[in-house]
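Numbering of ligands and ligand atoms starts at 1, following listing order. This structure is a prediction, so every number in the text was calculated from the model and none was measured.
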Amino acid sequence: MASATPTPDGWHAVDRYFADTLVGHDPALEAAVADQRDAGLPAIEVAPVNGKFLHLLARISGARRVLEIGTLGGYSTIWLARGIPDDGRVVTIEAEPANAAVARANLDRAGVGEKVDIRVGRGEHVLPQLAGEEPFDLVFIDADKESNVLYLDWAARLGRAGTVVVVDNVGRGGAVADAGETAPHVVGTRRGLEMLGDDPRFEATALQTLDAKGWDGVALAVVVRPGSVS
Ligand code: DHB
Ligand code: MG
């Protein structure tokens with residue numbers, strides 16, 4: 001029975017309905033999730049509807065060069081790589097070598113391996129190495145939330161006017177709006193959102209999400225003034 005108040009059973013049913021109706025069965029993605037579970041990676045990859053959202057953003061924006069911070073097992077990476085042309089490139093940064101190995105196998109099996117460059121290392125070390133390359137058209141930030149400000153700064157430096165920036169996990173079960181919540185990942189998320197609101201390099205918004213992973217949110221921004229803070 002439909003109701004005005006979302007319940008976990010209700011929103012899971014709606015998420016399944018959306019995923020079944022609009023995303024469908026996808027052997028490469030399902031195998032990627034299965035292998036990442038078998039390898040013991042945490043079950044924190046984006047939900048299917050969210051992966052397809054990233055894919056559509058890549059297509060809508062005509063992205064050719066995508067930067068992802070936080071590969072995990074490559075689930076979102078597959079979605080992004082499928083959204084760019086054959087001569088495009090996803091550069092994805094993963095701090096954990098074991099995760100990168102799972103991602104490499106998943107990407108190759110999905111047939112997008114040649115479009116994806118996995119850089120193993122912490123974002124703070126890898127990102128400066130990308131300066132001087134062609135700018136990125138889309139940046140997806142989905143790593144340690146404590147570093148979101150640093151990652152957003154790099155998104156502006158490695159982007160161009162018009163670069164699309166997406167930040168995962170900005171709602172976190174409502175914790176982001178709880179001023180008494182001092183967990184470092186929540187504080188980091190909040191600092192990132194405040195930066196998106198204040199920093200003249202970005203125009204941004206955020207949407208709450210209720211999906212297979214629960215109550216969370218996604219921030220969406222565009223770079224309006226690329227470069228370092230002046
Ligand atoms: C966590 C991280 C994520 O990127 C996510 O989507 C969900 C949970 C975490 O670190 O707990
Ligand atoms: Mg995430």
What atoms of ligand 1 come closer than 4.0 angstrom to any heavy atom of I44? 1 (C), 2 (C), 3 (C), 5 (C), 6 (O), 7 (C), 8 (C)
N/O donor-acceptor pair under 3.5 Å between [X] side chain and [Y] backbone:
X: R89; Y: E114; result: yes
X: K213; Y: I44; result: yes
X: R109; Y: A28; result: no

Can you find a pair of side-chain heavy atoms, one from R157 and one from L127, that are under 4.5 Å apart? no
Does any part of the side chain of T189, heavy atoms only, come nearer than 4.5 Å to the side chain of N169, both counted from C-beta? no
Within reach of ligand 1, part of [X] (heavy-atom separation under 4.0 Å):
X: K213; value: side chain
X: N169; value: side chain
X: H185; value: neither
X: D168; value: side chain

When you check the space around the Mg ion (ligand 2), which protein N, O or S atoms turn up under 2.8 Å? D142 OD1, D168 OD2, N169 OD1
Which pair of non-hydrogen atoms, one from [X] and one from [Y], has the smallest distance, and what is that distance?
X: N99; Y: E94; answer: ND2-OE2, 3.1 Å
X: L196; Y: A204; answer: CB-CB, 3.7 Å
X: A39; Y: V102; answer: CB-CG2, 3.7 Å

For E68 and S76, does a side-chain donor sit closer than 3.5 Å to a side-chain acceptor? yes
Let me confirm one number: the CZ-CG distance from F202 to L220, rounded to the nearest 0.5 Å. 12.0 Å
Any atom of ligand 1 sitting under 4.0 Å from a heavy atom of K145? yes
N/O to N/O below 3.5 Å, does that happen between A143 and ligand 1? no
Can you tell me the protein heavy atom closest to atom 9 (C) of ligand 1 and the distance? R172 NH2, 3.6 Å
